[in-house]
K.L.:
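Would you mind keeping the following structure in view while I ask a few things?
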Amino acid sequence: MNKNFTLLIGGIQGEGVVSTGISLMKALSRRGYYTLSERKFSSRIKGGNTHVAITIAKKEEVNSVESCYDMIMAMDQDSIHLNMHQLKPKGILLYDEDIKIDEEWTDGLRSIALPLSAIAKKHGKLFMKNTSVIGCLGKVTGFTYEVLQEMVTEAYGNKGEEVLDQNIAVLKTAFNHASTTISRASFFDSEPAQAKKKMMMIGNEAIAIGAVVAGCRFMAGYPITPASDVMENLALIFPLVGGKTVQTEDEVAAIAMTIGASHAGVRSMTATSGPGMTLMGEGLGLAGMTETPIVVVDAQRAGPSTGMPTKMEQSDLSFLYHGGHGEYAAIILSPSTLQECYEMTVDAFNLADRYQCPVIIMTDLNLSLSAKTIDEISFSEPVIDRGQLASTEILESSYDGGFTRYQLTENGISARAIPGTKGGQHQVTGLEHNELGRPSDHPENRKAMMDKRMKKTDPLKEREGIILEGKASGSTLFLTFGSLYGTLKEAWMRTGKNVDLARIGRIKPLPVKQLETLMDQYEKIIVVECNYHGQLANIINQETGQPQKVKSITRYDGKGFSIEEMMEIMDRWCQEWK
Amino acid sequence: MNKNFTLLIGGIQGEGVVSTGISLMKALSRRGYYTLSERKFSSRIKGGNTHVAITIAKKEEVNSVESCYDMIMAMDQDSIHLNMHQLKPKGILLYDEDIKIDEEWTDGLRSIALPLSAIAKKHGKLFMKNTSVIGCLGKVTGFTYEVLQEMVTEAYGNKGEEVLDQNIAVLKTAFNHASTTISRASFFDSEPAQAKKKMMMIGNEAIAIGAVVAGCRFMAGYPITPASDVMENLALIFPLVGGKTVQTEDEVAAIAMTIGASHAGVRSMTATSGPGMTLMGEGLGLAGMTETPIVVVDAQRAGPSTGMPTKMEQSDLSFLYHGGHGEYAAIILSPSTLQECYEMTVDAFNLADRYQCPVIIMTDLNLSLSAKTIDEISFSEPVIDRGQLASTEILESSYDGGFTRYQLTENGISARAIPGTKGGQHQVTGLEHNELGRPSDHPENRKAMMDKRMKKTDPLKEREGIILEGKASGSTLFLTFGSLYGTLKEAWMRTGKNVDLARIGRIKPLPVKQLETLMDQYEKIIVVECNYHGQLANIINQETGQPQKVKSITRYDGKGFSIEEMMEIMDRWCQEWK
Amino acid sequence: MEMKDYGNGLNPTWCKGCGHFSILRSLQTTASRMNIPREMLAVVSGIGCSGRISGYMNAYSFHSVHGRSLPVAQGIKLANPDLIVVAAGGDGDGFAIGTSHTVHAIRRNMDITYIVMNNQVYGLTKGHVSPVSHQGFKTKTTPMGSVDMPLEPGLLALASGASFYAQGFSAQQEELIELIQNAIEHPGFSLVQVFSPCVTYNKVNTYQWFREHLKSADEVRKADPSDYLGSMQLLKETEGLCTGVIYQNRTKLSYEELHQEVKEKNLATQDLRMTEAVYQQITERFKL
Amino acid sequence: MEMKDYGNGLNPTWCKGCGHFSILRSLQTTASRMNIPREMLAVVSGIGCSGRISGYMNAYSFHSVHGRSLPVAQGIKLANPDLIVVAAGGDGDGFAIGTSHTVHAIRRNMDITYIVMNNQVYGLTKGHVSPVSHQGFKTKTTPMGSVDMPLEPGLLALASGASFYAQGFSAQQEELIELIQNAIEHPGFSLVQVFSPCVTYNKVNTYQWFREHLKSADEVRKADPSDYLGSMQLLKETEGLCTGVIYQNRTKLSYEELHQEVKEKNLATQDLRMTEAVYQQITERFKL
Ligand SMILES: Cc1ncc(C[n+]2csc(CCOP(=O)(O)OP(=O)(O)O)c2C)c(N)n1
Ligand SMILES: Cc1ncc(C[n+]2csc(CCOP(=O)(O)OP(=O)(O)O)c2C)c(N)n1
Ligand code: SF4
Ligand code: SF4
Ligand SMILES: [Mg+2]
Ligand SMILES: [Mg+2]
């Protein structure tokens with residue numbers, strides 16, 4: 001029997017395709033299944049085709065959405081046209097009977113026409129087609145009618161009685177119709193063991209939760225796909241804990257406001273994607289120079305310029321690594337899973353306060369937006385490390401106006417004084433400055449201050465930042481990051497190849513020491529990433545200087561790799577280097 | 001006898017220190033001398049000490065300003081205090097008698113007090129002190145009184161009769177006083193051969209002239225040190241040829257306006273420095289994605305953030321090389337001399353049109369602002385290559401709206417149609433697009449378009465971009481760029497070491513092929529640059545992968561290297577690697 | 001040329017019923033009525049649902065980046081003053097990220113027409129508050145309802161020195177066409193703000209809502225459209241909810257009139273060859 | 001605290017006679033008169049000669065980047081509403097690169113005082129035209145004289161929804177102190193535009209010139225400072241050349257009044273520990 005089941009739901013954008021998928025995923029997860037979805041959509045509101053693929057499993061979290069489907073539920077023609085070639089030989093196509101079918105597409109495949117639109121129109125309105133879909137898919141996936149009705153009531157309970165009634169009528173009719181025409185898919189014959197408590201969320205949501213847990217209480221941002229949900233979620237959560245979001249006039253203002261708030265003592269963040277990130281270069285430099293801790297999320301999409309706002313890419317990396325004009329210390333974290341989105345965000349705030357510099361959490365579109373069932377992230381009180389703050393003794397002992405905010409210390413870190421703290425008044429400036437924070441361009445001071453700022457984060461180079469899986473086989477290591485990790489892992493589990501697997505969680509400062517060890521240990525390191533230049537590979541080469549050890553595999557067409565492609569890559573590169 | 005003579009003039013900012021230096025340089029250049037100056041100033045208008053050091057030579061262009069002075073002319077105390085340790089043992093200090101002298105400073109040195117302020121006050125106003133200085137220095141450098149009077153008349157002729165008369169009175173008195181107290185410096189005993197016609201300018205001016213010659217007729221910009229002179233000069237020159245400058249509301253607008261103008265067919269440019277460059281990241285990406293040719297000057301200063309606006313650094317390189325979010329083709333040129341500022345700017349416009357991408361001319365503060373006497377750049381009609389433009393036949397033959405602005409071609413370059421051209425109407429967008437310029441995010445189209453844009457400039461990697469000097473000794477090559485080149489060259493000429501010398505003129509695409517040849521040829525390549533990370537060395541390592549061949553020497557305290565320091569570096573690194 | 005000749009055959013990706021359709025049609029109709037040669041029409045837009053408008057025109061169209069339609073449009077106009085330049089974009093594009101460019105473009109008063117396709121929401125990002133959203137407006141970033149005061153585009157335009165300011169409504173297409181034509185004919189910067197309902201993310205400021213709230217400027221006004229303070233008053237009294245030409249100053253000189261050099265020399269078409277004489281002239285200052 | 005206690009002993013790098021000195025003294029004097037605890041005073045500035053002002057205050061001072069004083073200042077105020085936040089910067093800072101932030105900060109109406117140190121020129125870059133330079137003004141970038149119409153800060157402020165707008169003159173220090181005090185006391189955003197001559201690069205709008213041209217708002221005005229259109233008229237009639245409180249709206253709610261949550265919880269000082277109960281509450285939506 002299959003390990004998992006993959007369902008594709010497709011239709012016109014705006015028809016509720018995504019929300020239908022999410023409802024189904026939630027209901028399945030409640031029954032104990034694990035799910036993971038991937039959306040394909042375009043940067044338009046309505047009218048274009050959109051589809052969501054959902055992989056469902058019983059035993060453990062899904063690493064990657066399959067590229068071959070067990071079932072397609074098509075609400076429009078394009079969904080068939082675009083996806084039929086990915087239907088498994090034994091797969092089933094369900095489709096609205098209103099769709100004109102080209103025999104060629106379905107030749108030799110099982111396909112069942114369903115009166116999705118007809119039922120919706122008859123018992124409600126045409127746009128309730130997605131409720132017909134739920135009725136039919138509910139049957140296929142083995143729900144009782146009662147559970148489905150609960151789902152629909154949950155979704156439409158607050159839309160008025162008429163709407164709810166009509167939806168229920170549509171649901172019932174569709175469910176009954178399905179009962180007579182389609183049977184439950186065998187995958188759903190046995191139920192999963194209801195072992196663990198679960199959650200469902202997207203990467204942006206995990207980041208928002210992590211931020212609140214870390215004590216973040218301020219976010220300034222400007223909407224942009226695929227980062228907006230971070231602010232949307234904080235706008236919902238902050239009222240519960242006493243925090244504030246501000247939608248600013250642009251990204252330049254968003255990061256400047258974040259800096260102001262953080263300077264005044266609140267843990268603060270902003271979130272954006274490529275085009276906004278470029279505009280935030282100014283603020284990154286200011287935070288770097290003034291040593292103000294801030295957290296910035298970059299949910300990468302395909303660039304350059306406006307690029308492809310709804311497509312996957314990991315091409316901001318070089319830019320984030322090499323910063324804006326001039327040089328300053330910064331930290332770049334790269335989560336690969338929802339759990340890491342959560343944990344690294346908590347970490348990010350501690351690192352920002354500890355090292356007094358900008359911390360960038362770099363994700364990618366698939367990680368940011370894909371809904372996934374995970375085992376519950378249970379509560380554990382986070383360590384909140386606000387870093388060095390000036391003690392009252394120090395402030396009282398320094399002469400009036402003599403607080404040395406930028407004191408030259410062994411490790412480069414100096415104590416902050418938060419506005420409102422008596423005796424801590426000082427100057428902050430984006431100009432080069434002396435220990436008091438006053439402008440100074442004396443060469444010795446400049447050198448000392450540059451060294452101070454740069455050396456702050458140097459110790460991190462010695463610390464691990466790459467997470468390995470495998471048996472330390474010693475031949476080949478596949479290294480990746482972000483949403484590609486799940487796919488790589490799945491491919492690795494399937495090939496059973498004698499290679500190892502790693503994801504990089506901290507890109508800056510690069511874990512140079514660990515990398516060097518790995519280079520001693522492995523014959524080859526194969527870096528897989530979604531961009532043109534092989535940006536991570538380039539950075540590794542630059543910092544470790546062993547390019548002969550590193551092979552770069554890239555893709556830059558807006559799609560991630562499929563499991564099969566990853567398997568093929570593994571195969572090929574194990575061959576070529578034997 | 002000395003090969004050259006170095007004079008330092010110092011005083012309070014706003015006292016006319018720089019203009020006095022420039023007047024003297026001009027007059028000396030007319031007599032056949034070569035001069036080169038270096039300014040030390042702070043980002044404030046008045047009140048701080050400022051000084052200008054001028055190296056004067058007879059036979060050929062000065063490569064680098066000496067760090068030891070033959071003479072100091074001090075108009076304020078700080079000028080003595082800050083510079084006496086750099087006066088040569090046989091050097092002379094001239095100073096205003098109003099300055100309180102600390103015996104320690106002048107111990108054992110020749111120093112002469114002059115009534116600079118007294119004369120100015122007596123015959124004019126105190127602020128005419130700089131005219132006293134001209135009188136005295138004119139004597140020292142061997143001018144006749146008549147020539148000096150001409151100089152002063154030239155400078156003050158349009159300030160009203162009274163001002164002119166007073167200045168002349170001050171000049172005469174000072175000159176006469178000097179005649180009795182100081183003698184002509186022996187360096188000026190013999191006159192240089194009046195061989196060649198000369199010019200005097202700063203890097204920004206050479207760029208402005210180059211731009212006009214190249215046919216640039218539009219510039220949008222926002223003032224910033226040390227780039228503002230480019231726009232200031234174009235504002236003066238454009239009326240002569242029919243061109244337009246616009247001072248925009250900010251740098252984001254400046255580059256967008258440049259893109260608009262260039263799209264509409266004018267050769268267009270903008271110029272800025274670090275903080276503005278970061279803001280222009282957005283426009284670079286847009287120009288990259290839309291394949292709009294633009295020229296951008298980045299006159300680097302010390303960063304990050306506001307940094308040290310009046311100090312030397314070359315730390316925008318990594319950022320310029322690795323661009324904003326996403327990936328696009330761009331060209332980075334790096335002139336090292338005034339002649340190259342001129343020539344590369346002409347080149348830049350041709351490259352921009354030919355490769356339809358942004359071309360960045362990267363300079364540094366010293367190159368941008370240092371006035372220098374050079375042999376006349378004589379007129380030769382420039383080749384103006386506007387790149388591929390759609391022919392009438394093509395436009396007439398394509399169906400209505402069917403002009404393929406982004407046609408996929410062998411070399412990635414497609415013909416443009418300029419607004420106003422009949423039949424050439426098309427779409428331009430920062431979104432990924434198809435050959436018609438219409439938005440498209442199909443994976444195959446995306447890949448084809450990325451490849452198209454990236455491969456355009458690939459041929460340049462094969463072309464040379466490094467200019468060598470020396471005997472191809474085969475042991476060590478010193479490589480640098482920008483204003484450091486002059487210093488390195490001077491050091492090299494003096495050490496007589498058996499090493500070679502190179503400057504890199506094109507940083508992106510990096511001349512990879514040439515570098516590989518050089519790496520075969522030389523045992524070591526020593527890269528000297530002004531930034532923390534050794535950015536050029538990093539880029540070379542990343543692209544060539546032979547870090548063991550490359551040694552990076554950096555400095556990041558806001559000062560360039562002195563000739564002596566360069567000599568020491570040469571000495572040390574030739575030792576260490578023998 | 002017919003109206004359809006100004007289209008490029010693409011079907012707009014807008015939602016059915018989106019107000020932006022009418023603006024596109026109005027622009028095409030205006031172009032047709034004025035018989036503008038398509039190669040002489042440059043349409044520049046920003047990013048947003050609105051920003052897609054340039055992509056449906058058979059003209060030289062430039063879909064720039066979010067908020068920057070006006071700097072790009074000004075660059076085009078400066079390069080070639082013979083072109084008819086129309087910029088268009090959303091309320092977020094023009095009054096959030098592009099505010100500064102809007103103010104300064106108005107101030108410069110180049111002969112450009114700027115159409116703000118105002119739906120009081122960020123459509124393309126799927127429903128976020130805009131600086132002109134009304135108080136209480138619920139969006140994904142203001143789940144409890146927006147509490148900030150909205151900007152008033154009319155007052156801002158007039159304060160920035162607008163020489164032409166009009167307001168239209170997507171559902172009043174004939175008026176809109178006239179306003180756009182007036183705007184293009186006005187010799188200087190003209191801003192046409194269009195109430196263009198977003199049927200998907202703005203369930204408050206709907207067609208119906210506008211029909212109930214919009215007044216005709218001509219009917220309400222007490223003073224002539226050339227009366228600056230009178231126009232301000234009109235905007236204040238109607239809370240900005242009126243359509244028609246709100247203000248027009250025919251005496252204010254346009255950029256092209258002030259900067260004669262721009263009118264005299266078309267930068268885009270001039271001969272770039274340089275003679276030795278000119279070279280000597282421009283290098284004169286640097287010679288010794 | 002005495003006025004001198006608000007200084008930090010540094011000598012300003014400004015030219016002798018620069019108008020900015022008087023603004024610094026006025027701010028220090030106001031702080032002294034209001035007896036603001038120095039640790040509760042945050043002074044944020046942009047880049048320019050003007051921007052240096054924060055660096056001469058004994059306070060929590062933040063010399064940000066060009067044009068961004070207001071976003072930084074708003075961040076500080078949002079974090080800790082107990083702080084008295086004063087932003088300051090030049091005309092280029094606030095009306096060129098910072099225009100958008102100025103407009104939106106005014107619109108948000110947080111309890112911040114913003115002092116524009118207006119010398120109608122870019123001082124720090126050594127003399128370039130500013131968006132408020134008068135026509136004909138010759139600078140390095142406008143060698144033939146500027147031909148563009150200047151922006152009018154007062155009109156722009158009022159159009160953006162300012163609840164307090166005043167104008168002062170460096171040479172009228174006593175009035176300036178009062179204006180700044182009024183501004184700080186005003187519960188909402190207050191903009192004080194100060195005519196602050198640049199003695200080095202603006203040889204037109206000199207102290208003398210202002211003495212000849214400036215009128216007293218109170219003497220000229222026909223309506224009360226709470227009359228919006230009346231204040232517009234005052235600005236129009238005097239061509240902006242008047243001093244005093246130009247407009248004050250005491251009824252408009254400040255950001256802090258509108259967003260009660262900001263007033264109730266001081267974000268900067270709250271306890272960040274999270275209880276399990278709250279965690280369960282915030283993760284509720286994601287549980288299955
Ligand atoms: C620099 C940048 N920031 C954010 C975005 C995301 N974005 C795209 S359109 C848009 C706003 C859309 O609103 P509006 O301008 O009102 O146009 P509408 O879609 O409502 O027509 C935003 C924020 C972007 N493309 N670029
Ligand atoms: C992003 C950026 N662009 C340009 C500059 C250069 N710059 C410094 S101050 C300034 C303008 C100064 O004028 P203003 O704000 O009026 O202040 P003033 O010096 O006249 O007091 C400019 C353009 C900069 N620091 N940062
Ligand atoms: S989301 Fe709104 S603005 Fe965008 S196309 Fe749909 S209706 Fe129009
Ligand atoms: S240049 Fe002008 S603004 Fe700057 S300090 Fe001098 S007088 Fe003041
Ligand atoms: Mg909108
Ligand atoms: Mg100014």
K.L.:
How about residues 80-100 of chain D versus chain A: which residues have heavy atoms under 4.5 Å apart?
P.N.:
D:N80, D:L83, D:S100

K.L.:
How many angstroms lie between atom OG1 of A:T429 and atom CD1 of D:I47, to the nearest 0.5 angstrom?
P.N.:
6.0 Å

K.L.:
In the structure I gave you, are the side-chain heavy atoms of A:M199 and D:T283 within less than 4.5 Å of one another anywhere?
P.N.:
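When only atoms from C-beta onward are counted, D:T283 and A:M199 do touch, with a gap below 4.5 Å.
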
K.L.:
When rounded to the nearest 0.5 angstrom, what is the spacing between CG in D:N266 and CZ in A:R217?
P.N.:
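Answer rounded to 0.5 Å: 13.0 Å.
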
K.L.:
Can you tell me how far CD of A:Q427 sits from OG of D:S45, rounded to the nearest 0.5 angstrom?
P.N.:
8.5 Å

K.L.:
Can you name the nearest heavy-atom pair linking D:E39 to A:T421, along with the distance?
P.N.:
CB-O, 3.5 Å

K.L.:
Do NZ/NE/NH1/NH2 and the carboxylate oxygens of A:K244 and D:E261 come within less than 4.0 Å?
P.N.:
yes

K.L.:
Would you mind checking which part of A:R386 comes under 4.5 Å of any heavy atom in chain D, side chain (CB onward), backbone (N, CA, C, O), both or neither?
P.N.:
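When you check distances to chain D, only side chain atoms of A:R386 fall under 4.5 Å.
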
K.L.:
What residue in A:R30, A:M200, A:H433 has the most heavy-atom pairs under 4.5 Å with chain D?
P.N.:
A:M200

K.L.:
Tell me which of these, D:L10, D:V65, D:V262, has more heavy-atom pairs under 4.5 Å with chain A than the rest.
P.N.:
D:L10

K.L.:
Which one wins on heavy-atom pair count under 4.5 Å against chain D: A:G265, A:A261, A:G401?
P.N.:
A:A261

K.L.:
Can you tell which part of A:F349 gets under 4.5 Å to a heavy atom of chain D, answering side chain, backbone, both or neither?
P.N.:
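Contact with chain D: none, neither part.
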
K.L.:
What part of D:T269 is in contact with chain A, defined as an atom under 4.5 angstrom from a non-hydrogen atom: side chain, backbone, both or neither?
P.N.:
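For D:T269, no heavy atom lies under 4.5 Å from chain A.
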
K.L.:
At a 4.5 Å cut-off on heavy atoms, which part of D:L78 comes close to chain A: side chain, backbone, both, or neither?
P.N.:
side chain

K.L.:
First locate atom NZ of D:K287, then atom CD1 of A:I377, and finally report the distance between them rounded to the nearest 0.5 Å.
P.N.:
11.5 Å

K.L.:
By a 4.5 Å heavy-atom criterion (distance strictly below it), what part of A:E376 contacts chain D: side chain, backbone, both, or neither?
P.N.:
side chain

K.L.:
Report the residue from A:V428, A:L431, A:T290 that forms a side chain to side chain contact (heavy atoms under 4.5 Å, CB included) with D:H63.
P.N.:
A:L431

K.L.:
Is the shortest heavy-atom distance from the side chain of A:P439 to the side chain of D:R52 under 4.5 Å?
P.N.:
yes

K.L.:
Which answer fits D:A42, side chain, backbone, both or neither, if we ask what part of it has an atom under 4.5 Å from a heavy atom of chain A?
P.N.:
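Interface part for D:A42: neither.
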
K.L.:
If you count heavy-atom pairs under 4.5 Å between each of A:K198, A:H426, A:M201 and chain D, which one has the most?
P.N.:
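Heavy-atom pairs under 4.5 Å are most numerous for A:H426.
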
K.L.:
Taking the side chain as everything from C-beta on, heavy atoms only, tell me whether A:F379 gets closer than 4.5 Å to D:V278.
P.N.:
no

K.L.:
Can you tell which part of D:Q270 gets under 4.5 Å to a heavy atom of chain A, answering side chain, backbone, both or neither?
P.N.:
side chain

K.L.:
Which heavy atom of A:A253 sits nearest a heavy atom of D:P71, and at what distance?
P.N.:
O-CB, 3.7 Å

K.L.:
Is there side-chain contact between A:V252 and D:H101, with at least one heavy-atom pair below 4.5 Å?
P.N.:
yes

K.L.:
Kindly give the heavy-atom pair with the smallest separation between D:K265 and A:G242, and that separation in Å.
P.N.:
CD-CA, 3.9 Å

K.L.:
Counting only heavy atoms not in A:K422, do more than 12 sit closer than 6.0 Å to its NZ atom?
P.N.:
no

K.L.:
Tell me, do D:L288 and A:T373 make a side-chain contact under 4.5 Å, heavy atoms counted?
P.N.:
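Yes, at least one pair of side-chain atoms sits under 4.5 Å.
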
K.L.:
For the interface with chain D, which of A:G215, A:S262, A:G437 has the highest count of heavy-atom pairs at distances below 4.5 Å?
P.N.:
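If we count pairs closer than 4.5 Å to chain D, A:G215 comes out on top.
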
K.L.:
Sort by residue number and list every member of residues 103-111 of chain D having a non-hydrogen atom under 4.5 Å from chain A.
P.N.:
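Interface residues of residues 103-111 of chain D: D:H104, D:R108.
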
K.L.:
Specify which of D:E276, D:H259, D:Q74 makes the most heavy-atom pairs with chain A at under 4.5 Å.
P.N.:
D:E276

K.L.:
Return the minimal non-hydrogen interatomic distance between D:A59 and A:Q425, and the atom names on each side.
P.N.:
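For D:A59 versus A:Q425, the nearest heavy atoms are O-CB, 3.4 Å.
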
K.L.:
For the pair D:Y60 (side chain) and A:I418 (backbone), establish whether a donor and an acceptor sit closer than 3.5 Å, ignoring hydrogens and angles.
P.N.:
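Yes; at least one donor-acceptor contact below 3.5 Å.
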
K.L.:
For chain D, which of A:S378, A:A220, A:S268, A:S380 has the most heavy-atom pairs under 4.5 Å?
P.N.:
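Between A:S378, A:A220, A:S268, A:S380, the count favours A:S378.
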
K.L.:
Can you find a heavy atom in the side chain of D:R285 that is under 4.5 Å from one in the side chain of A:L236?
P.N.:
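Yes, their side chains come closer than 4.5 Å.
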
K.L.:
Determine the option with the most heavy-atom pairs under 4.5 angstrom with chain D, choosing from A:L436, A:I374, A:I259, A:L286.
P.N.:
A:L286

K.L.:
Which bit of A:D250 is near chain D, if near means a heavy-atom gap under 4.5 Å: side chain, backbone, both or neither?
P.N.:
side chain

K.L.:
Looking at chain A, which one of D:S61, D:S64, D:A268, D:A79 has the largest number of heavy-atom pairs inside 4.5 Å, strictly under?
P.N.:
D:S61

K.L.:
Could you check whether any side-chain heavy atom of A:V246 comes within less than 4.5 Å of a side-chain heavy atom of D:Y255, counting everything from C-beta outward?
P.N.:
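Yes; the side chains approach each other to less than 4.5 Å.
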
K.L.:
Check whether any side-chain heavy atom of A:I255 sits under 4.5 Å from a side-chain heavy atom of D:R68, and report yes or no.
P.N.:
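No. Closest side-chain heavy atoms not under 4.5 Å.
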
K.L.:
Looking at chain A, which one of D:P37, D:G55, D:S54 has the largest number of heavy-atom pairs inside 4.5 Å, strictly under?
P.N.:
D:G55

K.L.:
Which region of A:A417, side chain (C-beta onward) or backbone (N, CA, C, O), has a non-hydrogen atom less than 4.5 Å from a non-hydrogen atom of chain D, or is it both or neither?
P.N.:
both

K.L.:
Using 0.5 Å steps for rounding, measure from the CG atom of D:L272 to the CD1 atom of A:I384.
P.N.:
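Reported value, rounded in 0.5 Å steps: 5.0 Å.
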
K.L.:
Quick one: of D:V44, D:V43, D:T275, who has the most non-hydrogen atom pairs under 4.5 Å with chain A?
P.N.:
D:T275

